[in-house]
Amino acid sequence: MRVLFIGGTGFISTAVSRQAIAKGFELYLLNRGSTPAHLPGSHHLTADIHKVEGVRLALQGLEFDVVVDWIAYAPDDIERDLALFRGRVKQFVFISSASVYQKPPTHYLITESTPLYNPYWQYSREKIACEERLMQAYRDEGFPVTIVRPSLTYDPNFPIAIGGWGCYTLADRLKKGLPIIVHGDGSSLWVVTHADDFGRGFLGLLGNGQALGHAFHITSDEVLTWDQIYQTIAEALGVEAKIVHIPSEFIGRVLPQYEGGLLGDKTWSVVFDNSKIKAFVPGFQATIPFRDGIRRTLAWFAADEKRQHIDEAVQKEMDLILKAYEGRF
Ligand SMILES: NC(=O)c1ccc[n+]([C@@H]2O[C@H](COP(=O)([O-])OP(=O)(O)OC[C@H]3O[C@@H](n4cnc5c(N)ncnc54)[C@H](OP(=O)(O)O)[C@@H]3O)[C@@H](O)[C@H]2O)c1
């Protein structure tokens, strides 16, 4: 199977690229070549996806069974993809987000038929608009779309709400005994998924004719509280987490850039029903518990000190929120 990943060297997609190569897929990665990734066995096409003429040139003479766009965020991206791949591909996979699901949820258990509605987060509304455009193309012209909605997926990044995503800042604070922030009272439920688990479910959808016109989430079945997520990271580092609980609304007032990701996503308890992906990809089951997966992430950071980047902007943000919260009375 000849597969094109637009992106393919990112946080989730690197692990999936690695698995696709190991599975024997003929994998092409289209990106700018600026994100370091060691993926021998793949073919590299250098282009900026926002510069369409360059993309057309890079794709000239190539046909793909499957195209996955890992980095489409707005309906304009989808129009571009439709123009590029209409009539040229057997399956087009759009990477959406589980944050598209109804907020606040009216039912704790999320299935793929949970309504798509997010009044809090523009990112999620744009993903919903992308999904809707693609489903319209599926109905009107038979465009062979499959939609995949990852939830918080990690390795080698930290699956957290506050404290830095692709950097080492949270681990550094924990090791130094500095306070860290957990939104809410830390008891709401959340699901984090190791990229290798995600990849095994995901690759089972590629070239799978039954998946056309369908949407899927692919997550772990392990449900944790937010306190447990941060405590598990601390435990793996051999330290105790000094957690300060702060309401999401308060954090959003201090730093509005956090409002969408909290009130539009991580504030609400989520539990995913994964029976659909298990039905379409027989044998799929996420197998990496967070206590093991996070140790792999920490080992990746430990293997090279240069990876342990401390993001000073994130440090400042955390200190600002903590100071504002301490001084609120
Ligand atoms: N991680 C999660 O927990 C999560 C949860 C929900 C949804 N998602 C969705 O998952 C997707 C992200 O996947 P990811 O983590 O693999 O991606 P990512 O970390 O954002 O990676 C970006 C990838 O895209 C390439 N890229 C960036 N800008 C580009 C451009 N202008 N032209 C061509 N290539 C470009 C990068 O390579 P170069 O820099 O070399 O170009 C790299 O390969 C997004 O759609 C996101 O909404 C993720």
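Residues: numbered from 1 along the sequence shown. Counting convention: from 1, in listed order, for ligands and their atoms alike.
When each atom of ligand 1 is checked for a heavy atom of His50 under 4.0 Å away, the hits are 31 (N). When each atom of ligand 1 is checked for a heavy atom of Leu152 under 4.0 Å away, the hits are 3 (O). Listed by number with element, the atoms of ligand 1 under 4.0 Å from a non-hydrogen atom of Ser13 are 14 (P), 16 (O). Each of the following atoms of ligand 1 lies closer than 4.0 Å to a heavy atom of Ile49: 30 (C), 31 (N), 32 (N), 33 (C). Below 4.0 Å from some heavy atom of Ile95 lie the following atoms of ligand 1, by number and element: 9 (C), 10 (O), 11 (C), 45 (O). Distances below 4.0 Å separate heavy atoms of Ala47 from the following atoms of ligand 1: 32 (N), 33 (C). Of all atoms in ligand 1, listed by their number and element, those nearer than 4.0 Å to a heavy atom of Gly7 are 23 (C), 24 (O), 25 (C), 43 (O).
Between Phe301 and Tyr168, the two ring planes are tilted [angle within 30° to 60°]. The aromatic rings of Tyr28 and Phe64 sit perpendicular to each other, their planes meeting at more than 60°, with 30° as the lower class boundary. Between Phe272 and Tyr101, the angle of the ring planes lies from 30° to 60°, which puts this pair in the tilted group. The aromatic rings of Tyr123 and Tyr73 sit tilted, their planes meeting at an angle between 30° and 60°. Classification of the His214-Phe216 ring pair by plane angle, with boundaries at 30° and 60°, yields tilted. Classification of the His194-Tyr154 ring pair by plane angle, with boundaries at 30° and 60°, yields perpendicular.
Nearest protein heavy-atom neighbour of atom 11 (C) of ligand 1: Trp70 O, 3.1 Å. In terms of protein heavy-atom proximity, atom 21 (O) of ligand 1 is closest to Gly10 CA, 3.1 Å. Counting only heavy atoms of the protein, atom 28 (N) of ligand 1 lies nearest to Arg32 NH2, 3.2 Å. Looking only at heavy atoms of the protein, atom 3 (O) of ligand 1 is closest to Thr153 N, 2.8 Å. Considering only non-hydrogen protein atoms, atom 40 (O) of ligand 1 sits nearest to Ser34 N, 2.7 Å. The shortest contact between atom 42 (C) of ligand 1 and any protein heavy atom is with Thr9 OG1, 3.3 Å. In terms of protein heavy-atom proximity, atom 31 (N) of ligand 1 is nearest to Asp48 OD1, 3.0 Å. Atom 19 (O) of ligand 1 has its closest protein heavy atom at Phe11 N, 2.9 Å.
Counting heavy atoms under 4.0 Å from ligand 1, residue Ser151 touches it through the backbone alone. Neither the backbone nor the side chain of Ser99 comes within contact range of ligand 1; no heavy atom lies under 4.0 Å. With a 4.0 Å cut-off on non-hydrogen atoms, Lys127 touches ligand 1 through its side chain and not its backbone. The backbone of Ser96, and not its side chain, has at least one atom closer than 4.0 Å to an atom of ligand 1 (non-hydrogen atoms only; backbone = N, CA, C, O). Only the side chain of Tyr123 comes within contact range of ligand 1, with a heavy atom under 4.0 Å; no backbone atom does.
One finds no salt bridge joining Arg295 and Asp155 here, because no Lys/Arg side-chain nitrogen approaches an Asp/Glu carboxylate oxygen to under 4.0 Å. By the 4.0 Å N-to-carboxylate-O rule, Arg291 lies too far from Glu235 to be salt-bridged with it. The pair Arg296-Asp196 meets the salt-bridge criterion, since a charged nitrogen lies less than 4.0 angstrom from a carboxylate oxygen. In summary, Asp172 and Lys176 engage in a salt bridge, as defined by a charged side-chain N under 4.0 Å from a carboxylate O. Comment: Asp65 engages Lys90 in a salt bridge, judged by a side-chain N to carboxylate O separation of less than 4.0 angstrom. Ion pairing of Asp221 with Lys278 is present here, as a side-chain N (NZ or NE/NH1/NH2) and a carboxylate O approach within less than 4.0 Å.
Side chains of Arg173 and Gln315: a donor on one and an acceptor on the other come within 3.5 Å. Side chains of Asp265 and Ser99: no donor on one and acceptor on the other come within 3.5 Å.
The backbone N or O of Pro150 lies less than 3.5 Å from no partner atom in the side chain of Thr153, so there is not a single donor-acceptor pair.
Taking only nitrogen or oxygen atoms, main chain and side chain alike, Gly33 reaches within less than 3.5 Å of ligand 1. Of the N or O atoms in Ile71, none lie within a sub-3.5 Å distance of an N or O in ligand 1. The shortest N/O to N/O separation between Trp165 and ligand 1 does not fall below 3.5 Å. Of the N or O atoms in Asn157, none lie within a sub-3.5 Å distance of an N or O in ligand 1. Considering backbone and side-chain N/O of Ala98, none are found under 3.5 Å from N/O of ligand 1.
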Phe202 and Trp70: CA distance, side-chain angles, deciding distance, ring-ring contact (aromatic ring centres under 6.0 Å, His included) verdict = CA-CA 12 Å; Phe202 182 79; Trp70 290 91; 5.2 Å; yes
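No heavy atom of Gly166 sits closer than 4.0 Å to any atom of ligand 1. Residue contacts with ligand 1: Tyr73 is included, with a non-hydrogen atom under 4.0 Å away. Not a single heavy atom of Phe198 sits less than 4.0 Å from an atom of ligand 1.
Among Thr35, Thr14, Asp69, the residue whose heavy atom lies closest to atom 37 (O) of ligand 1 is Thr35.
For Tyr138 and Phe143, the distance between ring centers is not under 6.0 angstrom.
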